[in-house]
Amino acid sequence: MADFMVLGAGMVGVSSALALQEQGHSVVLVDRTTPGLETSFGNAGIIQTEAVEPYALPQDLSTLWCYAVGRSNDVVWKTLPALKMAPALWRYFRNSSTAKHHAISNTYAKLAARATADHAPLIEASDSEQLIARQGLSMLYRDEQRFNQESLRAERLEREYGVTSRIVDGVTYQAEEPALKQAPVGAIHWLQSWSCRDPGGLTQAYAELFVKRGGSLVFGDAHSLAETQTGWQVTTDSGIASAEQVVIALGPWSPELLKGFGYHIPMVYKRGYHGHYKETTRLNRPFLDVANGVLAAPMSHGIRVTTGAALVDLDDVSNPQQLERGVKALRTLLTMGDRVRESQWFGTRPCMPDMLPVVGQAPKHARMWFHFGHGHQGFTQGPTTAQILLSEIAGEHSDVWQPLRPQGRF
């Protein structure tokens with residue numbers, strides 16, 4: 001019997017397994033498929049140290065109206081799924097008020113500040129340096145008023161959180177980025193963020209490091225999880241896997257599993273899509289086309305274009321309308337070739353109504369631990385929150401991370 005079983009082999013689950021293993025625990029990592037093939041596979045590949053404030057729901061009626069009637073490519077939605085998520089969305093909206101969002105950001109910023117430092121030893125140990133670029137992340141603006149507003153925000157973030165950036169006029173930025181075929185109004189270049197040419201590959205490399213260090217990786221059904229007299233067990237392709245303690249790191253699938261154990265966890269499900277396009281002119285660093293809600297990043301398979309949020313059910317059919325609209329607009333700014341032939345990928349970001357990940361002991365089960373709900377930042381925050389989880393397991397409770405604990409949040 002292992003000491004720990006980790007359910008879910010995305011960035012968050014693999015990071016959990018590695019952190020536990022490093023402390024001398026025997027660990028079995030369980031997933032239904034190869035590590036890094038779900039949400040960790042399809043994200044934009046940015047380790048976002050600039051993400052010190054989580055994505056809030058707009059408080060102004062004009063922006064909300066644009067979302068409601070489909071004028072914005074940032075968010076699309078379907079009626080029935082949105083109604084199911086209404087209680088969580090309402091709590092999300094209330095937590096997006098200025099005062100509450102500022103308090104949440106005080107915790108969130110501490111996670112962002114550690115992100116690259118916590119990834120660094122794993123990148124080195126997994127021999128993944130060739131996947132990482134340290135050129136930062138840019139936000140490109142087509143509207144002067146928005147650019148001026150966000151420039152002031154960038155200056156504020158440096159004062160409050162020490163996040164550094166360059167504020168660049170569009171002509172200057174175009175000269176730095178030959179792939180741009182016209183100049184934006186302006187750009188904010190966040191200097192401290194890293195990017196990855198293959199986020200799924202990096203997650204797999206971390207998983208291979210876990211196995212190399214003696215960990216057990218098995219394919220199994222998390223929904224077969226059952227409590228026993230001595231711990232927990234699941235059914236796997238190799239038979240029954242058992243452990244004294246279990247970590248739930250299933251991202252958007254965590255609430256459904258936990259219903260069977262008496263937990264009712266509100267979550268906002270934000271689906272995203274991506275597509276790859278041939279890189280005809282080298283793109284030096286990833287950038288967000290702010291006006292059209294799509295992020296373009298140089299990847300191993302071409303330029304990956306990633307979308308904003310679609311509020312739909314987990315099992316809803318594919319509808320990449322945001323991707324298609326975003327790419328059409330992006331082509332007026334960026335030189336790129338035809339789409340690479342591939343099946344249409346989509347994945348779901350698991351967002352908690354208070355915008356913070358859930359890290360800590362399950363309120364009703366002494367040998368169960370929660371590690372999910374990272375929203376847009378699972379790829380960024382996985383190694384950091386894994387270290388926080390390790391401290392919680394060891395009984396080292398820091399007041400700094402109290403907002404992440406499950407108690408009182410559902």
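All values derive from a computational prediction rather than experimental measurement.
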Is the side chain of [X] donor-acceptor paired with the backbone N or O of [Y] at a distance under 3.5 Å, no angle test?
| X | Y | result |
| --- | --- | --- |
| Asp118 | Pro383 | no |
| Thr172 | Val168 | no |
| Thr348 | Leu314 | no |
| Tyr273 | Asn319 | yes |
| Ser96 | Leu57 | yes |
| Gln322 | Ala309 | yes |
| Ser128 | Leu131 | no |
| Gln21 | Ser16 | no |
| Gln59 | Phe93 | yes |
| Glu155 | Arg159 | no |

If you look only at distance, which donor and acceptor atoms sit under 3.5 Å apart when one is on a side chain in residues 212-221 and the other is two or more places apart or in another chain?
| residue | atom | partner | partner atom | Å |
| --- | --- | --- | --- | --- |
| Asp221 | OD1 | His223 | N | 3.0 |

Please report the closest heavy-atom contact between [X] and [Y], naming both atoms and the distance.
| X | Y | value |
| --- | --- | --- |
| Gly10 | Thr203 | C-CG2, 3.7 Å |
| Gly272 | Trp345 | O-CZ3, 3.5 Å |
| Val12 | Ala249 | CG1-CB, 4.2 Å |
| Ile46 | Pro286 | CD1-CG, 3.5 Å |
| Gly8 | Asp31 | C-OD2, 3.8 Å |
| Asn284 | Pro178 | ND2-CD, 3.6 Å |

[X]/[Y] ion pair, N-O < 4.0 Å:
| X | Y | value |
| --- | --- | --- |
| Glu129 | Arg134 | yes |
| Asp354 | Arg91 | no |
| Glu392 | Arg405 | yes |

- prompt: Are the aromatic ring centres of Tyr108 and His102 under 6.0 angstrom apart?
  reply: no
field: Validation row, ring centre His376 to ring centre Tyr55 under 6.0 Å
entry: yes
CA sep, side-chain torsions, deciding dist, call: Thr63, Asp60, side chain to side chain donor-acceptor pair (under 3.5 Å): CA-CA 6 Å; Thr63 304; Asp60 62 290; 2.6 Å; yes
Do [X] and [Y] make a side-chain contact, defined as non-hydrogen atoms from C-beta onward lying under 4.5 Å apart?
| X | Y | result |
| --- | --- | --- |
| Gln321 | Arg325 | yes |
| Asp289 | Met139 | no |
| His189 | Leu137 | no |
| Val247 | Val6 | yes |
| Glu342 | His276 | yes |
| Val163 | Trp190 | yes |

- request: Determine, step by step, whether Arg156 and Glu53 satisfy the salt bridge (charged side-chain N to carboxylate O under 4.0 Å, His left out) criterion, reporting the C-alpha distance in whole Å, the side-chain angles of both residues, the deciding distance to 0.1 Å, and the verdict.
  value: CA-CA 12 Å; Arg156 176 179 64 80; Glu53 295 180 331; 3.0 Å; yes
Is atom [atom1] of [X] surrounded by more than 12 heavy atoms (other residues, nucleotides or ligands) closer than 6.0 Å?
| X | atom1 | value |
| --- | --- | --- |
| Gln130 | CD | yes |
| Gln387 | CD | yes |
| Gln145 | CD | no |
| Glu160 | CD | yes |

Decide whether a cation-pi geometry holds between [X] and [Y]; the criteria are a distance under 6.0 Å from NZ or CZ to the six-membered ring centre and an angle within 45° of the ring axis.
| X | Y | answer |
| --- | --- | --- |
| Arg304 | Phe287 | no |
| Arg271 | Phe346 | yes |
| Arg32 | Trp253 | yes |
| Lys364 | Phe261 | no |

message: If you apply the rule side chain to side chain donor-acceptor pair (under 3.5 Å), what do you find for Arg349 with His374, and how did you get there?
response: CA-CA 8 Å; Arg349 300 125 173 167; His374 293 69; over 6 Å; no
query: When you look at Lys270 and Leu311, which way does the side-chain contact (heavy atoms from CB on, under 4.5 Å) test go after all the steps?
result: CA-CA 5 Å; Lys270 296 183 180 181; Leu311 303 181; 4.1 Å; yes
task: Could you walk me through whether Leu18 and Val27 pass side-chain contact (heavy atoms from CB on, under 4.5 Å), step by step?
output: CA-CA 9 Å; Leu18 280 165; Val27 184; over 6 Å; no
Side chain to side chain donor-acceptor pair (under 3.5 Å) between Gln245 and Trp232, worked out: CA-CA 6 Å; Gln245 305 193 60; Trp232 302 89; over 6 Å; no
- line: side chain to side chain contact (heavy atoms under 4.5 Å, CB included) filter on Pro255, not counting sequence neighbours, yields Ile265, Met267, Tyr269
Would you mind writing out the side-chain donor-acceptor pairs for residues 82-90 within the sub-3.5 Å range, not counting sequence neighbours?
| residue | atom | partner | partner atom | Å |
| --- | --- | --- | --- | --- |
| Lys84 | NZ | Asp313 | OD2 | 3.4 |

message: Applying side-chain contact (heavy atoms from CB on, under 4.5 Å) to Phe4 and Val28, what does each step give before you reach the verdict?
response: CA-CA 6 Å; Phe4 282 88; Val28 56; over 6 Å; no
- request: Could you tell me how the ring of Phe370 sits relative to the ring of Phe410: parallel (under 30°), tilted (30 to 60°) or perpendicular (over 60°)?
  value: tilted
message: What verdict does the side-chain contact (heavy atoms from CB on, under 4.5 Å) test give for Val305 and Met336, after you've listed the backbone C-alpha separation in whole Å, the side-chain angles of each residue and the deciding distance to 0.1 Å?
response: CA-CA 11 Å; Val305 180; Met336 59 184 182; 4.2 Å; yes
- request: Let me see the working for Ser193 and Glu50 under side chain to side chain donor-acceptor pair (under 3.5 Å), right down to the final yes or no.
  value: CA-CA 6 Å; Ser193 296; Glu50 95 293 342; 2.6 Å; yes
- request: Start with the C-alpha distance between Glu150 and Arg146, add both sets of side-chain angles, then the distance that settles salt bridge (charged side-chain N to carboxylate O under 4.0 Å, His left out), and finish with yes or no.
  value: CA-CA 6 Å; Glu150 293 302 312; Arg146 182 75 184 273; 3.7 Å; yes
